[in-house]
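Read the numbers this way: they start at 1 and go in the same order the structure lists the ligands and their atoms. FYI, side chains are in, hydrogens and waters are out, and symmetry mates aren't considered; it's all heavy atoms of this structure. The model shown is predicted, which means the values in this text are computed figures rather than measured ones.
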Amino acid sequence: MPERGPPPFPITLLGRRTDLREDPEADLAKVVAHLEGDGVIAYPTETVYGFGSLGTLSGIRRVQELKHRERDKPLIALVPSAASVEALEWTDEARKLASIFWPGAVTLVLGDPRGIFLSGVRSVDGTVAVRVSPQPIVGRLLERLGVPLTSTSLNEPGREPARSGTEAAAVIERLGRSDVWLLDGGTLPESSPSTIIDCTSGTPTVLREGAVPVGRLRRVIPEIHGNHS
Ligand code: AMP
Ligand code: MG
């Protein structure tokens, strides 16, 4: 019997892929149905590519599995507006930050005493990290879904997040996942992930300096705590 060589073309493990640059509305209804079936998408945000799902138990679990994510590191929730998460605990400083930086790459950590978000988005300390993204595809999806979308950077453990649809596809293939629907928005401008700010007490604390530098936050809230000047 002849020895079996490699296949004549690479076997692609990638599932569905929609090119947003051709038609941003293409497949949108199907992508929403995929999400509503607790499917995972890969999508561009205003910073880097992310994995996302509905904030349901199985949606969250599927993203956690993909990221080999420890259950104690929660996912970010992308929401359509500050008003949509009015039931979270808003400090005056958090309101100010949201009014100036949203939509934008600033993620606010707020208390969720009523348990609006499920564990995996809601941290064990009862807080959630929320953001309004200016990325048009995120807005379109949220409008159709009517519920938040989870978000976590699209990368293999310890590696940089994907910045293009091609990089995202390569990561998904390496992870061996054919159940992820990739929304390819092309190459994103160079950006760090979002800046994360803990707003659960009076004076906000920068937990991760990202796309929005602490200096810009200080112009709005001079006393903000951060590791950087
Ligand atoms: P990623 O690692 O790409 O999932 O980015 C999400 C980041 O948000 C992680 O660093 C999480 O630790 C952080 N994060 C999410 N939810 C919270 C929260 N409730 N409190 C503090 N940090 C959070
Ligand atoms: Mg990350």
Can you tell me which residue and heavy atom of the protein come closest to [atom], and the distance to 0.1 Å?
atom                    : value
atom 9 (C) of ligand 1  : Lys73 CE, 3.7 Å
atom 6 (C) of ligand 1  : Ile76 CD1, 3.6 Å
atom 2 (O) of ligand 1  : Arg69 NH2, 2.9 Å
atom 15 (C) of ligand 1 : Pro74 O, 3.2 Å

*Can you establish whether the number of heavy atoms outside Glu143 located under 6.0 Å from its atom CD is more than 12?*
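Result for CD/Glu143: open.
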
Identify, by atom number and element, the atoms of ligand 1 in contact range of [X], meaning under 4.0 Å from any of its heavy atoms.
X      : result
Thr152 : 1 (P), 3 (O), 4 (O)
Ala129 : 15 (C), 16 (N), 17 (C), 19 (N)
Val128 : 19 (N)
Leu207 : 21 (C)
Ser123 : 19 (N)
Arg208 : 5 (O)

Contact summary for [X] and [Y], nearest pair of heavy atoms:
X      : Y      : result
Leu66  : Arg177 : CD2-CG, 3.3 Å
Asp184 : Asp19  : O-OD1, 3.6 Å
Thr200 : Thr127 : CG2-CG2, 3.6 Å

*asked:* Measuring from atom NE2 of His225 to atom OG1 of Thr203, what distance do you get when rounded to the nearest 0.5 angstrom?
replied: 4.5 Å

*asked:* Regarding Glu46 and Ser133, do their side chains bring together a donor and an acceptor under 3.5 Å, going by distance alone?
replied: yes

*Identify whether the distance between the nearest side-chain nitrogen and carboxylate oxygen of Arg114 and Glu89 falls below 4.0 Å.*
no

*asked:* Do the side chains of Arg144 and Glu25 get close enough for a salt bridge, i.e. N-O under 4.0 angstrom?
replied: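 Looking at Glu25 together with Arg144, the answer is yes, because their closest N to O distance falls below 4.0 Å.
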
[X], any N or O under 3.5 Å of ligand 1 N or O:
X      : answer
Thr127 : yes
Ser153 : yes
Ser151 : no

*Just heavy atoms, cut-off under 4.0 Å: does Ile196 contact ligand 1 by side chain, backbone, both, or neither?*
side chain

*Is there side-chain contact between Ser194 and Ile76, with heavy atoms separated by less than 4.5 Å?*
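Yes - at least one pair of side-chain heavy atoms lies under 4.5 Å apart.
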
_N/O/S atom of Thr152 inside 2.8 Å of the Mg ion (ligand 2), strictly under_ =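 Within the cut-off used here (under 2.8 Å), Thr152 places no N, O or S atom near the Mg ion (ligand 2).
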
*Do Val48 and Leu207 sit in the same hydrophobic cluster, where Ile, Leu, Val, Met, Phe, Trp and Tyr count as joined when their side-chain heavy atoms come under 4.5 Å apart?*
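Different clusters: Val48 never reaches Leu207 through Ile, Leu, Val, Met, Phe, Trp or Tyr contacts under 4.5 Å.
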
